[in-house]
Each structure stands twice: as C-alpha cells, then as structure tokens.
Amino acid sequence: MNLLTCENLSLGYDGTVVLQGLSFSVETGERLCVVGENGSGKSTLLRGLLGLMPPLGGVLRKSPGFRARETGYLPQESAVQKDFPAAVFEVVLSGRQNRRGLRPFYTKKDKAAASEALGMLDVADLGKSCFRELSGGQRRRVLLARALCAAEKFLLLDEPAAGLDPIVQGDLYRLLDSINREKGITVIMVSHDIEGAVKFAETRTGRILHLAGRQLFFGSAGEYRESDPGRQFLGKTVLGKG
Ligand code: ADP
C-alpha cells in the first residue's frame, strides 16, 4: 500500500526554498534511507513529511495510514534529552502523549504498549532506571522504544546511529532490521553514515534517497552503488573524506 508520494515537491523556510524537485514514494513496510551531506535538506524533508511545514510547491500525498499523531519520530539527540530527569518507563510512555489527548492519565493500553516497546528493544530491565544515567547506546534504544510506542507501524528516525561507537551502531542497525523485517514497521531514516545506511537498505524493500538541496538519486541500494552520486559519495566515505 502506498504510504506517501511526493511529486516535484519543494520545501523551505519563510518562503525560501532549500529543497526542490522531490519525486519519490514510500510503500508500507519499506525502509527508506535519506542520505546527503550536512545542510543537504535531510531534516527539512523529515519535518515536511511530518506536516510541520507546508510544501512551497509540488504535491505531497499521504495515505490515511500516515497520520502525524501515529508517527514515531526519533529526533537528533539534544543535550536536553540527555539530562531528562525521569525513569526510563516514563520516557517511553511519553511517546503516547499525542494519543492521550485531553485524558489526564495514560490507559492500560498505553502502559502495555510502553512495556512491549521496551521488550522489543531489549531494555525491559531498565524500566525503573534513571534515563540520564544510561549509556549513549542504551539511551538511543530507549528513545527508539519511545518512538515505537508512539507509532507501532511507522518510524521516522533522524540520525539514529550518530555518536555511537561502531559496535553499538551495528547493534542498532540489526535492531532496526528486525523491527522492519519481522514487525513490518515502515522505517524512514536520515543518516550521514552513508555506508551503514546503504547496507541497511540492501534488502528487497530498501530504498536510498540522496539529497543535495534537490533529489540526486532515488532507487534501490544496488542501483545506488552503480550510480554516479553513489560512486562519488561512497568513494568519498571510503577515503574518509565524507
Ligand atoms: P541536513 O539535515 O541535511 O543537515 P537541513 O535540512 O538541516 O540539512 O538544512 C537544509 C538547509 O535549510 C540548510 O541550508 C539550512 O541552513 C536551512 N535551514 C535549516 N533549518 C532552518 C530554519 N529553521 N530556518 C531557516 N533555514 C533553515
């Protein structure tokens, strides 16, 4: 089922376009990796998909399955998040805030979803721990559990592996792989870890979208490796210049 389609979409701030010519689509159960250098428009695209900024041109069509309040969003890690003075379970449960609406309390269903998400990310035993005392890798898993708890079907992740050591990064990609493959959860992920992102997208349902203020490439990981932007960008990373 088609989840979202962009046709010649432009996005920007205060009427100034920073991203243009976007024409791609995402189907349910796919994993889309959005890559590009700093300032290429990756976070802007996520904000646009979330409906946080109106298109400046073109069309963005979203299926009813892609509603902002049912989307799990993992933003880039901020200092404020690191110091969040709450227990892990509360942090995960807060992912249900959008669904809670005007109800003053979380329901049993909300709490069950939070427990399930913690279990899915192998951090069930951390429920009572203080969030700010966790390691970087544990914090990322907990925030991913929070996003999952909000979404259940759909995840938008902004640089989920940034700042983690390579072993923890590998664990995180494996986890995302099983969430997508086994649970059928659609993943849209922004990353400047191009090698990691391309490996992650190397499945039947994987797609790469390469941005540079416009769309340089959209297609499978295999096609990307053969394309001009793919060769150029992957080559750069291998040489350690990217
Ligand atoms: P990336 O996520 O790939 O690093 P961004 O989407 O953050 O790129 O930025 C794309 C462009 O939009 C950059 O030129 C950046 O300066 C500009 N930009 C980002 N956020 C804002 C904002 N809030 N107001 C105005 N310009 C912005």
Side-chain angles (χ1 to χ4, degrees), residues 26 29-36 38 42-43 45-46 49-50 71-84 88-89 91-92 94-95 113-127 129-210 221 224 233-234 237-238 242:
V26 181
E30 282 189 345
R31 51 177 85 176
L32 174 69
C33 295
V34 184
V35 301
N38 280 342
K42 304 184 295 299
S43 301
L45 174 62
L46 284 197
L49 297 184
L50 281 166
T71 302
Y73 177 44
L74 177 72
Q76 287 186 31
E77 189 168 68
S78 66
V80 176
Q81 278 175 343
K82 278 186 202 162
D83 285 336
F84 211 50
V88 163
F89 189 77
V91 171
V92 176
S94 69
S115 298
E116 193 190 337
L118 277 168
M120 218 192 276
L121 295 195
D122 276 343
V123 279
D125 53 332
L126 295 180
S129 307
C130 184
F131 181 71
R132 66 177 163 206
E133 286 162 13
L134 303 180
S135 70
Q138 286 172 328
R139 269 204 309 274
R140 209 60 59 86
R141 277 175 183 246
V142 168
L143 291 175
L144 206 49
R146 180 181 186 275
L148 255 183
C149 182
E152 291 171 2
K153 292 259 171 263
F154 191 81
L155 279 179
L156 271 177
L157 312 172
D158 199 348
E159 300 282 1
L164 301 177
D165 72 51
I167 293 173
V168 180
Q169 276 188 0
D171 283 350
L172 195 78
Y173 281 124
R174 273 189 291 281
L175 204 60
L176 289 173
D177 181 70
S178 71
I179 286 172
N180 172 255
R181 196 185 296 270
E182 289 160 27
K183 303 273 171 192
I185 290 173
T186 310
V187 175
I188 295 186
M189 180 178 90
V190 158
S191 181
H192 69 260
D193 165 24
I194 177 78
E195 271 291 343
V198 172
K199 274 192 203 137
F200 180 67
E202 235 146 23
T203 68
R204 191 177 50 80
T205 56
R207 299 285 179 275
I208 297 283
L209 175 66
H210 186 151
Y224 181 65
F233 214 66
L234 286 164
T237 315
V238 170

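We're numbering straight along the sequence, starting at 1.
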>> Quick one, Leu118 and Leu126 - any side-chain contact, counting heavy atoms below 4.5 Å?
In response: no
>> List the residues meeting side-chain contact (heavy atoms from CB on, under 4.5 Å) with Glu116, not counting sequence neighbours, and say none if there are none.
In response: Met120
> Restricting to pairs with a member in residues 161-177, which pass salt bridge (charged side-chain N to carboxylate O under 4.0 Å, His left out), not counting sequence neighbours?
Replying inline: Arg31-Asp177, Asp171-Arg174, Asp177-Arg181
> For Ser129, which residues count as a side chain to side chain donor-acceptor pair (under 3.5 Å) partner, sequence neighbours excluded?
Replying inline: none
> How would you list, by chain and number, every residue that makes a salt bridge (charged side-chain N to carboxylate O under 4.0 Å, His left out) with Glu159, sequence neighbours excluded?
Replying inline: none
>> Test of understanding: with side chain to side chain donor-acceptor pair (under 3.5 Å), list the residues that count as partners of Ser115, not counting sequence neighbours.
In response: none
>> Using the side chain to side chain donor-acceptor pair (under 3.5 Å) criterion, which residues pair with Tyr173? Sequence neighbours excluded.
In response: Asp193
> With sequence neighbours excluded, what pairs up with Ser135 under the side-chain contact (heavy atoms from CB on, under 4.5 Å) test?
Replying inline: Gln138
> What heavy-atom pair brings Ala197 and Val35 nearest, and what distance separates the two atoms?
Replying inline: CB-CG1, 3.9 Å
> Within the distance-only criterion (no hydrogens, no angle test), does the side chain of Asn180 pair as donor or acceptor with the backbone N or O of Ile185 below 3.5 angstrom?
Replying inline: yes
>> Checking Arg140 now: which residues fulfil salt bridge (charged side-chain N to carboxylate O under 4.0 Å, His left out) with it, not counting sequence neighbours?
In response: Glu77
>> I'd like to know whether Tyr73 forms a side chain to side chain contact (heavy atoms under 4.5 Å, CB included) with Leu49, so could you lay out the CA-CA distance, the side-chain angles of the two residues, the decisive distance to 0.1 Å, and finally the verdict.
In response: CA-CA 11 Å; Tyr73 177 44; Leu49 297 184; over 6 Å; no
> Partners of Arg141 by salt bridge (charged side-chain N to carboxylate O under 4.0 Å, His left out), sequence neighbours excluded?
Replying inline: none
> What residues, two or more places apart in sequence or in another chain, satisfy side-chain contact (heavy atoms from CB on, under 4.5 Å) together with Ala113?
Replying inline: Arg96, Cys149, Glu152
> Can you list the residues that meet the side chain to side chain donor-acceptor pair (under 3.5 Å) rule with Gln169, with sequence neighbours excluded?
Replying inline: none
> Is Ile188 close to Leu45 at the side-chain level, that is, under 4.5 Å between some pair of heavy atoms?
Replying inline: no
